[in-house]
Colleague: 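Take a look at this one; I'll ask things after.
Because the structure is a prediction, the values reported are computed rather than measured.
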Amino acid sequence: VQNQESINLLKQLNLNNASIAGDTRFDRVAENAAHPTDLPLIRQFAAEHRVFIAGSTWPADEQLLQELAAAIPDWKIILAPHEIGAEHIRQIQNLFPAAIRYSELTTANASQANMIIIDNIGMLSSLYQYAEVAYIGGGFGVGIHNTLEAAAFGLPVIFGPNYRKFQEAHDLLKIGAAKSVEDEQSLITAFQLFKNNQKAAALAKTYVTQQKGATASIYEKVEGYLN
C-alpha cells in the first residue's frame with residue numbers, strides 16, 4: 001500500500017499482512033523529468049525567456065489567470081486546458097486574444113508569440129521542462145490535477161482551494177513548494193513569491209526524488225512470491 005493510513009484502515013478490517021511500498025506515480029514522473037520529450041517549437045518559443053505554465057485548466061482557472069497574464073508581460077505563458085473542444089478553445093482565445101494555438105505555431109512565429117494555447121492531448125508532461133512556475137487546474141471544481149509532473153521538474157506549483165484529497169498537495173504546501181489560491185490577487189501574490197524562489201524549486205524536485213522507489217519495492221515483493 002502507499003502509506004501508513006492504508007495500513008491502519010486494513011488493520012481495522014483484521015487484514016494485517018500488508019506492507020508500505022509507496023506511490024509508483026513518483027517513479028513515473030521522475031523518469032519523465034529525467035528523459036522528457038523535446039518539443040522544438042516550444043523550445044523556440046521559450047528560448048531566453050521566463051515561462052509560466054498553466055496545466056489542466058478549466059474555465060474557472062482560465063478566468064483567474066486573465067489578470068495574472070496582464071500583470072506579467074515580461075513572461076511567456078503556456079496554457080494547456082484539460083478540455084480541448086473547439087468551443088472551449090474559442091472561449092480561451094476570447095480571454096487571451098493575442099494567444100496562438102499550438103496547432104498554428106510555426107518556426108516563423110514561435111519566437112514572436114507571447115502565449116500559447118495547447119490544443120492537443122499528450123504534451124503536458126513534457127511542457128513543464130520549459131517553465132519555471134506552474135499553475136495546476138481543477139482546484140475550483142472536483143479537485144486539482146497532477147501536481148507531481150510539474151514538481152518533478154523543480155517547478156513550484158499553485159492551485160485552487162479544492163486539494164484536500166491529495167496528499168502530495170498537502171506535502172508540497174507544508175515544505176513551501178506550493179501555494180493554494182482563492183482569487184486573482186492571491187494568485188498574483190503566489191506568483192510573486194515563487195518567480196525568483198530557487199529554494200522552492202529545489203524543494204519541489206527533492207520531494208519527488210525522495211519518494212521514488214515504490215515500483216522496485218513492489219517488483220521485489222512480487223518476484224519473491226513468484227519464485
Colleague: What ring-ring contact (aromatic ring centres under 6.0 Å, His included) pairs are there with at least one residue in residues 186-227, not counting sequence neighbours?
Modeller: Phe26-Tyr207, Phe52-Phe191, Trp75-Phe191
Colleague: Any pair with a residue in residues 95-120 that passes ring-ring contact (aromatic ring centres under 6.0 Å, His included), sequence neighbours left out, goes on the list, sorted by first then second residue, please.
Modeller: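 Qualifying pairs: none.
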Colleague: Are any non-hydrogen side-chain atoms of Ile77 and Ile72 less than 4.5 angstrom apart?
Modeller: yes
Colleague: Please check if the side chain of Ser217 supplies one atom and the backbone of Gly213 the other of a donor-acceptor pair under 3.5 Å.
Modeller: no
Colleague: Verify the cluster assignment for Ile89 and Leu65: are they in a single hydrophobic cluster under the rule of side-chain heavy atoms below 4.5 Å apart?
Modeller: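 Result: yes, single cluster for both.
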Colleague: So how far is it from Asn120 CG to Ile117 CD1, rounded to the nearest 0.5 Å?
Modeller: 12.5 Å
Colleague: Can you find a pair of side-chain heavy atoms, one from Ile78 and one from Phe45, that are under 4.5 Å apart?
Modeller: yes
Colleague: For Trp58 and His88, does a side-chain donor sit closer than 3.5 Å to a side-chain acceptor?
Modeller: no
Colleague: With distance as the sole test, does His170 use its side chain to make a donor-acceptor pair with the main-chain N or O of Glu168 at under 3.5 Å?
Modeller: no
Colleague: Under 3.5 Å, side chain of Ser186 to main-chain N/O of Glu182, donor-acceptor pair present?
Modeller: yes
Colleague: Considering only residues two or more places apart or on different chains, which pairs with a residue in residues 34-43 satisfy side chain to side chain donor-acceptor pair (under 3.5 Å)?
Modeller: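 Side chain to side chain donor-acceptor pair (under 3.5 Å) check on residues 34-43 returns Asp38-Arg43, Asp38-Tyr130.
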Colleague: Restricting to pairs with a member in residues 194-217, which pass salt bridge (charged side-chain N to carboxylate O under 4.0 Å, His left out), not counting sequence neighbours?
Modeller: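 Applying salt bridge (charged side-chain N to carboxylate O under 4.0 Å, His left out) to every pair that reaches into residues 194-217, excluding sequence neighbours, yields nothing.
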Colleague: Calculate, to the nearest 0.5 Å, the distance between atoms CD and CG belonging to Glu67 and Leu95 respectively.
Modeller: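 CG of Leu95 is found 13.0 Å from CD of Glu67.
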Colleague: Give a yes or no on whether Ile136 and Leu127 share a hydrophobic cluster (residues Ile, Leu, Val, Met, Phe, Trp, Tyr; joining criterion: side-chain heavy atoms under 4.5 Å apart).
Modeller: yes
Colleague: For the backbone of Val142 and the side chain of Asn162, can you confirm whether one donor and one acceptor N or O come within less than 3.5 Å of each other?
Modeller: yes
Colleague: If I take atom OG1 from residue Thr215 and atom CD from residue Glu220, how far apart are they, to the nearest 0.5 angstrom?
Modeller: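 Going from the OG1 atom of Thr215 to the CD atom of Glu220 covers 12.5 Å.
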Colleague: Where do Leu124 and Ile53 land on the side chain to side chain contact (heavy atoms under 4.5 Å, CB included) test, with the steps shown first?
Modeller: CA-CA 10 Å; Leu124 181 57; Ile53 183 168; 4.0 Å; yes
Colleague: Working note: Asn8 + Gln12, criterion side-chain hydrogen bond (donor to acceptor under 3.5 Å, both in side chains); need CA distance, chi angles, decisive distance, verdict.
Modeller: CA-CA 7 Å; Asn8 296 340; Gln12 293 175 20; over 6 Å; no
Colleague: Are the side chains of Ile42 and Gln129 in contact, using a 4.5 Å heavy-atom criterion?
Modeller: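 No. Closest side-chain heavy atoms not under 4.5 Å.
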Colleague: Per the salt bridge (charged side-chain N to carboxylate O under 4.0 Å, His left out) rule, what does the pair list look like for residues 132-151, sequence neighbours excluded?
Modeller: Arg28-Glu149, Arg50-Glu132
Colleague: Flag yes if more than 12 heavy atoms outside Glu87 fall under 6.0 Å of its CD atom; otherwise flag no.
Modeller: yes
Colleague: Rounded at 0.5 Å granularity, tell me how far CD in Gln44 sits from OG1 in Thr107.
Modeller: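 With rounding to 0.5 Å, CD (Gln44) is 6.0 Å from OG1 (Thr107).
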Colleague: Determine whether a donor-acceptor pair (N or O, by modelled atom type, separation under 3.5 Å) exists between the side chain of Asn227 and the backbone of Val222.
Modeller: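 Such a contact is absent between Asn227 side chain and Val222 backbone.
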Colleague: Could you check if a side-chain atom of Leu64 sits within less than 4.5 angstrom of a side-chain atom of Val181, using non-hydrogen atoms only?
Modeller: yes
Colleague: Would you give the length of the straight line joining atom CD of Gln198 to atom CG of Leu203, rounded to the nearest 0.5 angstrom?
Modeller: 11.0 Å
Colleague: In terms of heavy-atom contacts, does NZ of Lys76 have more than 12 from other residues, nucleotides or ligands at under 6.0 Å?
Modeller: yes
Colleague: I would like to know whether Asp27 and Thr24 meet side-chain hydrogen bond (donor to acceptor under 3.5 Å, both in side chains); could you show each step before the answer?
Modeller: CA-CA 5 Å; Asp27 298 323; Thr24 57; 6.0 Å; no
Colleague: Flag yes if Leu13 and Val1 sit in one hydrophobic cluster, no otherwise; membership is Ile, Leu, Val, Met, Phe, Trp, Tyr, and two members link when side-chain heavy atoms are under 4.5 Å apart.
Modeller: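 Leu13 and Val1: one cluster.
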Colleague: Will you find, in the side chains of Gln167 and Asp171, an N or O donor that is under 3.5 Å from an N or O acceptor?
Modeller: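 Indeed, the side chains of Gln167 and Asp171 share at least one donor-acceptor pair under 3.5 Å.
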Colleague: Output the distance between atom CG (Leu68) and atom CD1 (Ile158), rounded to the nearest 0.5 Å.
Modeller: 7.5 Å
Colleague: Would Asn32 and Ser126 satisfy side chain to side chain contact (heavy atoms under 4.5 Å, CB included), going step by step from the backbone distance to the final call?
Modeller: CA-CA 8 Å; Asn32 177 65; Ser126 293; 4.2 Å; yes
Colleague: Can you find a pair of side-chain heavy atoms, one from Leu173 and one from Phe159, that are under 4.5 Å apart?
Modeller: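 Yes - at least one pair of side-chain heavy atoms lies under 4.5 Å apart.
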Colleague: Per the salt bridge (charged side-chain N to carboxylate O under 4.0 Å, His left out) rule, what does the pair list look like for residues 109-125, sequence neighbours excluded?
Modeller: none
Colleague: Could you tell me if the side chain of His82 sits less than 4.5 Å from the side chain of Thr57, heavy atoms only?
Modeller: no
Colleague: Between Leu10 and Asn16, is a side chain to side chain contact (heavy atoms under 4.5 Å, CB included) present by the stated rule, with each step listed?
Modeller: CA-CA 7 Å; Leu10 289 170; Asn16 298 305; over 6 Å; no
Colleague: Going by heavy atoms in the side chains, are Val133 and Leu155 under 4.5 Å from each other?
Modeller: no
Colleague: Do Met123 and Leu148 land in one hydrophobic cluster if side-chain heavy atoms of ILVMFWY residues count as linked below 4.5 Å?
Modeller: yes
Colleague: Under a 3.5 Å distance rule, please check whether Ser180 uses its side chain to pair with a backbone N or O of Gly160 as donor and acceptor.
Modeller: yes
Colleague: Carefully, step by step, assess Gln93 and Arg101 under the rule side chain to side chain contact (heavy atoms under 4.5 Å, CB included).
Modeller: CA-CA 9 Å; Gln93 288 190 297; Arg101 299 185 187 199; 3.1 Å; yes
Colleague: Do the non-hydrogen side-chain atoms of Asp23 and Gln211 ever get within less than 4.5 Å of each other?
Modeller: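 Counting from C-beta outward, Asp23 and Gln211 never come under 4.5 Å.
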Colleague: Can you hop from Phe153 to Ile116 via hydrophobic side chains spaced under 4.5 Å?
Modeller: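 Both belong to a single hydrophobic cluster.
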Colleague: Which heavy atom of Val208 sits nearest a heavy atom of Ala30, and at what distance?
Modeller: CG1-CB, 4.2 Å
